[in-house]
Amino acid sequence: MKRIDLFLSEREVNKVCKAISKAGVPGYSVIRHVTGMGLAGEISEAMDFSGLGANAHVIVFCEPHLVPAVRAGLRPLFDVYGGVGFVSEAEPL
Amino acid sequence: MKRIDLFLSEREVNKVCKAISKAGVPGYSVIRHVTGMGLAGEISEAMDFSGLGANAHVIVFCEPHLVPAVRAGLRPLFDVYGGVGFVSEAEPL
Amino acid sequence: MKRIDLFLSEREVNKVCKAISKAGVPGYSVIRHVTGMGLAGEISEAMDFSGLGANAHVIVFCEPHLVPAVRAGLRPLFDVYGGVGFVSEAEPL
Amino acid sequence: MQSSLILQNLVSAPVLFFFLGVLAVLVGSDLEIPSPLPKLFSLYLLLAIGFKGGLELAHSGLGSQVLLTIGAAVLMSLLVPISSFLILRTRMDGYNAAAIAASYGSISAVTFITAQSFLNVLHLDFNGFMVAALALMESPAIVVGVLLAKLAGQSGDSLKGAKAGGLRWREVLQEAFLNGSVFLLIGSLVIGYLVTSFSPAGLEKMDPFTEKLFYGALCFFLLDMGIVAAQRLRDLRRAGPFLIGFAVLAPLLHAGVGLGISRLLGLSQGDSLLFMVLCASASYIAVPAAMRMTVPQANPSLYISSALGVTFPFNVVVGIPLYMALIQRFVPLS
Amino acid sequence: MQSSLILQNLVSAPVLFFFLGVLAVLVGSDLEIPSPLPKLFSLYLLLAIGFKGGLELAHSGLGSQVLLTIGAAVLMSLLVPISSFLILRTRMDGYNAAAIAASYGSISAVTFITAQSFLNVLHLDFNGFMVAALALMESPAIVVGVLLAKLAGQSGDSLKGAKAGGLRWREVLQEAFLNGSVFLLIGSLVIGYLVTSFSPAGLEKMDPFTEKLFYGALCFFLLDMGIVAAQRLRDLRRAGPFLIGFAVLAPLLHAGVGLGISRLLGLSQGDSLLFMVLCASASYIAVPAAMRMTVPQANPSLYISSALGVTFPFNVVVGIPLYMALIQRFVPLS
Amino acid sequence: MQSSLILQNLVSAPVLFFFLGVLAVLVGSDLEIPSPLPKLFSLYLLLAIGFKGGLELAHSGLGSQVLLTIGAAVLMSLLVPISSFLILRTRMDGYNAAAIAASYGSISAVTFITAQSFLNVLHLDFNGFMVAALALMESPAIVVGVLLAKLAGQSGDSLKGAKAGGLRWREVLQEAFLNGSVFLLIGSLVIGYLVTSFSPAGLEKMDPFTEKLFYGALCFFLLDMGIVAAQRLRDLRRAGPFLIGFAVLAPLLHAGVGLGISRLLGLSQGDSLLFMVLCASASYIAVPAAMRMTVPQANPSLYISSALGVTFPFNVVVGIPLYMALIQRFVPLS
Ligand SMILES: Nc1ncnc2c1ncn2[C@@H]1O[C@H](COP(=O)(O)O)[C@@H](O)[C@H]1O
Ligand SMILES: Nc1ncnc2c1ncn2[C@@H]1O[C@H](COP(=O)(O)O)[C@@H](O)[C@H]1O
Ligand SMILES: Nc1ncnc2c1ncn2[C@@H]1O[C@H](COP(=O)(O)O)[C@@H](O)[C@H]1O
Ligand code: NA
Ligand code: NA
Ligand code: NA
């Protein structure tokens with residue numbers, strides 16, 4: 001089993017969730033109000049009042065064979081809006 | 001060392017924390033306000049005003065020999081209320 | 001690639017972020033409002049109104065050779081203020 | 001008459017803000033009231049409604065009509081779940097039937113408040129003790145719901161009920177009586193009563209908070225309720241026509257019974273409307289939170305969607321003016 | 001005269017709380033208004049300003065001067081982005097130029113509110129329909145901004161524009177007209193209008209919420225704006241002197257044009273100030289949220305920092321009294 | 001007399017809401033005020049109390065009695081930590097003794113506010129400059145606490161003190177004077193003073209926010225304080241009888257000294273109560289946040305639990321009426 005960790009702007013969370021659902025994952029979890037630092041510089045919650053939001057952390061546990069579909073679904077979004085993803089090993093409890 | 005990731009409804013967080021403490025883990029961390037998708041369908045924060053809450057993400061780092069006790073403690077809760085758990089490898093920094 | 005998970009008091013988040021930036025990591029993510037249990041006992045959000053805060057979870061994905069620098073930068077902070085860190089394996093998505 | 005009542009109700013600020021929330025979802029706006037702000041408004045409304053209820057209860061005293069009315073209300077909160085369960089059980093499993101039945105036996109504080117605002121606009125009086133009735137209708141319905149679920153579970157059609165084992169009474173009573181919403185409402189009622197009785201100087205200082213701010217805060221909360229209710233409409237399609245039909249017809253039926261009881265008790269027009277609304281409304285605050293813990297086998301999206309997605313908007317938009325029209329026909333102006 | 005106006009403005013509570021927020025950041029205090037509390041205040045201010053605008057629009061009616069003024073305001077929100085783009089394009093890429101231009105074509109509701117408070121202190125009247133102008137200036141500027149970005153993208157200097165493909169009109173219009181802030185503002189305006197027209201009894205009950213609480217809530221929000229604006233100052237150094245210069249000179253230029261139009265339309269002194277402030281202010285609520293989605297190639301820190309870090313404080317501290325001084329010179333007391 | 005004062009205090013809305021919160025925890029209700037809502041109320045209370053204090057300071061001016069009283073208050077905030085440290089040091093390590101001592105030298109704004117509400121009910125006047133005293137008592141106690149911890153660390157019994165190295169003065173002063181709570185309180189005081197002095201027209205517009213809303217917001221905050229204080233009771237058992245005894249006897253001792261100073265200064269009955277409460281109360285807002293950073297060797301659960309779990313409820317429930325009874329005996333009605 002694989003664990004996928006995605007970090008992206010809260011504004012695109014719905015788009016990302018749709019993309020990974022379409023890839024066929026059995027479930028996912030979303031943590032909002034994540035701040036951080038990446039290529040696009042520092043992201044804080046200071047502009048939250050404007051609807052701009054901070055980052056979100058999306059966690060997906062799925063079978064290894066789904067990873068390419070998830071990657072393919074996210075590539076266009078990450079290319080346009082930024083965001084990063086990482087994969088690691090896991091097993092069900 | 002093992003890393004255990006649990007996702008469950010916020011309503012049962014206290015029960016789950018008690019169960020893993022009883023299993024003897026040295027510590028744990030809890031992230032509330034997690035939304036997501038699983039067997040029980042989509043979970044949002046929309047009903048938060050009613051005390052229903054969204055999901056929580058519980059993270060435990062512990063020695064491998066404790067994993068079976070954690071699993072055994074959580075099984076009855078997950079059977080009744082839903083929730084999922086995953087295990088992966090880790091080491092202290 | 002390595003994944004580093006840090007748990008520490010919200011009060012020291014800025015200090016920790018500075019320390020890991022100095023170690024040269026390419027990015028990091030911070031989740032605040034984390035509660036939990038560790039050597040220092042139970043940490044809740046109950047004192048948030050006072051500016052004391054709960055815990056934060058800092059996640060860093062970086063090349064393995066940076067891990068010692070991160071560790072060295074955090075050691076003095078963790079020694080004084082408490083906090084724990086864990087490392088695991090990961091790859092870019 | 002009736003159409004003017006409906007219009008009167010429709011152009012009130014709280015109802016319009018409810019529609020604004022619904023519209024936001026329908027047209028795809030990203031308007032949202034982020035958590036925990038809705039909780040702030042729900043805590044505030046419970047505190048304020050409880051405090052004001054206690055204040056007026058202290059003024060009206062605990063006469064026989066007060067006790068009779070409260071008794072009748074509690075009785076309804078015991079009977080409605082049972083009759084609803086019998087109807088629902090014909091088409092769905094016992095756990096879901098029990099959880100939905102508990103919802104309809106209990107009340108919706110926001111529907112009640114909206115009815116009060118409506119009465120204000122019509123310059124019709126109502127008694128403060130109706131809030132005591134409201135506060136006391138939450139818990140019995142929860143207890144009955146859990147008992148029904150237990151009964152249904154034993155009769156063999158349980159999903160994962162085998163695990164649930166014996167009835168955990170302590171937990172059931174805790175959820176029924178110590179549920180945060182119920183506790184705050186009753187607690188504020190008692191505080192309002194005590195302050196009015198023993199330290200009336202403090203009332204004036206609470207007034208800007210519990211009274212003046214109330215209407216605006218209600219608008220804000222209803223904006224959020226509109227958003228949440230509209231999001232629930234999607235779930236509803238999955239629930240099917242039977243449940244949707246129940247969610248519209250049950251309030252009518254319960255309001256009708258409520259009207260009959262109001263006549264028997266000789267309530268005023270204003271109190272009659274509030275009594276009918278208590279009977280007709282379904283809980284989406286205390287009951288879902290309690291059912292999630294005590295009847296985990298039931299599907300929350302069913303009981304939340306029918307109570308919040310259908311019955312609540314129905315009562316707020318159509319029900320309140322409709323019940324008022326019936327009252328104007330059958331209840332004499334006292 | 002002018003210096004007394006500046007002082008008058010400087011010692012008003014909202015402006016002082018803004019400075020307190022700025023000071024907190026400069027001296028390194030850990031004072032913060034944690035999320036989502038600032039959102040509560042921004043939602044509240046939009047709701048209250050919209051509702052009050054609708055109320056006054058219902059009182060003033062939609063006469064020809066009202067329509068002319070609103071028309072002129074919308075025209076400014078179309079022209080300002082174009083002229084700003086042409087200036088900005090000389091020194092930066094098309095995407096950033098377009099996104100910043102959209103910001104300056106749109107408006108800042110908080111600057112507008114602060115100008116209203118300023119007028120209150122001077123006992124100068126203004127018309128409620130100016131809020132309608134404010135509400136209608138957000139969306140056109142967003143649409144123009146996206147069109148400019150698209151044009152710039154096609155002319156070849158795109159960063160990652162190749163991927164963006166054809167203009168997604170649906171998404172652009174959604175961000176322009178259904179953006180949460182725009183939607184709430186316009187929706188509250190319509191509700192204020194409807195309630196005033198059809199159910200005026202409800203107005204008095206809204207008053208403590210939308211009117212009485214307003215000034216204090218504005219202070220709280222400006223405290224947060226001061227913190228956020230000061231945090232932005234750092235980003236600004238990276239933006240360079242050209243953008244900083246633009247962020248100070250553009251409001252002056254736009255306010256000047258606004259003054260000319262006010263004279264043409266024969267607006268009163270109060271309305272002239274509001275019109276000038278609408279032209280001079282730049283959006284940091286609706287526009288950044290919309291640009292992030294529709295022109296992702298632009299760097300948010302540029303358009304947010306210039307609008308929020310420079311133009312907003314400039315208008316609130318120096319601009320408003322300065323524009324008023326000009327008005328006292330050029331616009332007769334009606 | 002005294003028992004009627006206690007009753008009078010007990011049935012006030014703020015105190016009753018405090019008890020409701022305590023009760024919620026004791027009976028196991030899931031009532032909670034989710035974060036960051038308590039922060040909203042604490043920021044609001046600090047802003048409002050500061051602003052009102054500044055307003056009244058502007059009215060009363062900075063006469064010699066004002067300066068003397070403030071000076072005496074600051075002196076107490078320097079001496080109380082030292083004497084408390086000497087007592088606490090007999091039974092616990094230096095770091096914990098120092099951190100707890102700092103708490104008791106500083107003040108609790110909510111206790112102060114509750115005392116003001118109590119005076120209002122008794123129709124006793126008090127002077128606005130007492131808020132200035134309150135604002136100035138936070139920082140000195142923090143500095144003294146850190147110095148004591150440093151001293152204790154050097155005398156050899158440090159836990160992990162070796163690492164702490166030299167005193168980081170910059171950080172200590174930052175935590176003492178720029179701590180968010182202290183900064184907002186003093187900042188609002190200055191703003192209230194400036195607005196009152198230079199732009200009194202703005203005062204009336206702030207009034208609904210800072211004055212009218214205050215009592216209700218205090219109730220809401222005390223509901224949360226009740227919950228948090230009751231949760232702390234568990235920690236307290238671990239703290240042991242010595243600390244619990246200290247947490248009850250220290251306020252009595254400090255209030256007694258405060259009464260003596262009040263007599264010397266010739267304060268009115270109202271001001272005497274506020275002065276005694278400043279001396280008797282212990283900080284659980286600014287000081288814990290500061291000690292966590294500057295004396296990390298101390299165990300937060302000790303200083304928070306004693307200040308918030310024991311001293312705060314003791315002062316609010318028993319202390320205030322008791323001090324008032326003493327005042328009625330020893331301070332002449334001016
Ligand atoms: N495959 C998954 N990956 C990540 N999170 C999951 C996954 N499956 C379930 N979850 C989380 O666990 C919660 C409960 O799952 P369930 O009990 O299956 O409804 C969901 O709402 C998600 O937040
Ligand atoms: N074994 C663990 N697994 C997960 N989180 C932990 C663990 N130990 C400590 N933590 C987190 O780290 C925080 C600080 O730990 P400590 O410094 O040991 O009190 C705790 O409050 C927890 O949130
Ligand atoms: N190496 C990293 N480790 C953890 N989080 C990261 C890392 N790089 C980026 N992120 C997160 O992903 C967000 C978007 O990254 P980017 O698109 O590179 O700006 C950042 O704001 C961080 O929250
Ligand atoms: Na009912
Ligand atoms: Na503009
Ligand atoms: Na003290």
Side-chain angles (χ1 to χ4, degrees), chain B residues 5-23 28-59 68-86, chain D residues 25 32-46 108-110 159-165 171 175 179-184 221 224-225 227-232 234-235 238 283-297 299-305 307-308:
Chain B
D5 285 278
L6 310 169
F7 299 90
L8 53 126
S9 167
E10 283 191 70
R11 294 282 296 175
E12 287 96 50
V13 162
N14 288 341
K15 288 196 171 88
V16 162
C17 290
K18 258 183 220 155
I20 56 182
S21 292
K22 233 181 99 187
Y28 56 80
S29 295
V30 180
I31 303 165
R32 291 176 60 169
H33 309 293
V34 177
T35 56
M37 168 77 84
L39 286 182
E42 209 177 324
I43 303 294
S44 80
E45 277 196 291
M47 292 301 294
D48 231 23
F49 68 87
S50 75
L52 206 63
N55 285 336
H57 180 189
V58 179
I59 306 173
V70 169
R71 185 187 296 120
L74 293 175
R75 184 68 57 214
L77 288 169
F78 281 7
D79 279 354
V80 173
Y81 297 110
V84 296
F86 304 94
Chain D
V25 174
E32 61 158 2
I33 320 280
S35 175
L37 301 181
K39 180 88 182 183
L40 172 65
F41 289 101
S42 84
L43 288 172
Y44 165 76
L45 291 176
L46 291 170
S108 151
V110 178
L159 296 173
K160 13 181 182 172
K163 291 253 169 42
E171 199 171 323
E175 289 293 327
N179 184 299
S181 314
V182 176
F183 185 85
L184 179 59
F221 191 62
D224 187 59
M225 287 297 94
I227 295 173
V228 180
Q231 288 169 342
R232 285 282 150 190
R234 228 176 359 174
D235 285 354
R238 243 174 286 153
S283 166
Y284 48 84
I285 295 193
V287 173
M291 287 299 125
R292 176 77 181 74
M293 290 308 283
T294 50
V295 190
Q297 303 90 342
N299 178 354
S301 83
L302 292 185
Y303 48 88
I304 297 173
S305 301
L308 181 55

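Proteins get letters first, then strands, A, B, ... in listed order; numbering begins at 1 in each.
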Applying a strict 4.5 Å limit to non-hydrogen atoms, the region of D:Ile33 in contact with chain B is neither
Separation of D:Ile304 CD1 from B:Ser50 OG (nearest 0.5 Å): 6.5 Å
For residues B:Leu52 and D:Ala289, report the shortest heavy-atom separation together with the two atoms involved. CD1-CA, 3.5 Å
Considering only heavy atoms, which portion of D:Phe221 lies under 4.5 Å from any heavy atom of chain B: side chain, backbone, both, or neither? side chain
Residue among B:Glu12, B:Arg11, B:Met47 with most heavy-atom pairs under 4.5 Å to chain D: B:Arg11
Donor-acceptor pairs under 3.5 angstrom involving side-chain atoms of residues 38-45 of chain B: please list them, not counting sequence neighbours.
residue: B:Ser44; atom: OG; partner: B:Ala46; partner atom: N; Å: 3.0
residue: B:Glu45; atom: OE2; partner: B:His33; partner atom: ND1; Å: 2.9
residue: B:Glu45; atom: OE2; partner: D:Ser35; partner atom: OG; Å: 3.3

Which atoms of D:Leu43 come close to chain B, meaning under 4.5 Å heavy atom to heavy atom: side chain ones, backbone ones, both, or neither? neither
What's the shortest heavy-atom distance between D:Glu171 and B:Tyr81, and which atoms? OE2-OH, 3.6 Å
At a 4.5 Å cut-off on heavy atoms, which part of D:Met225 comes close to chain B: side chain, backbone, both, or neither? side chain
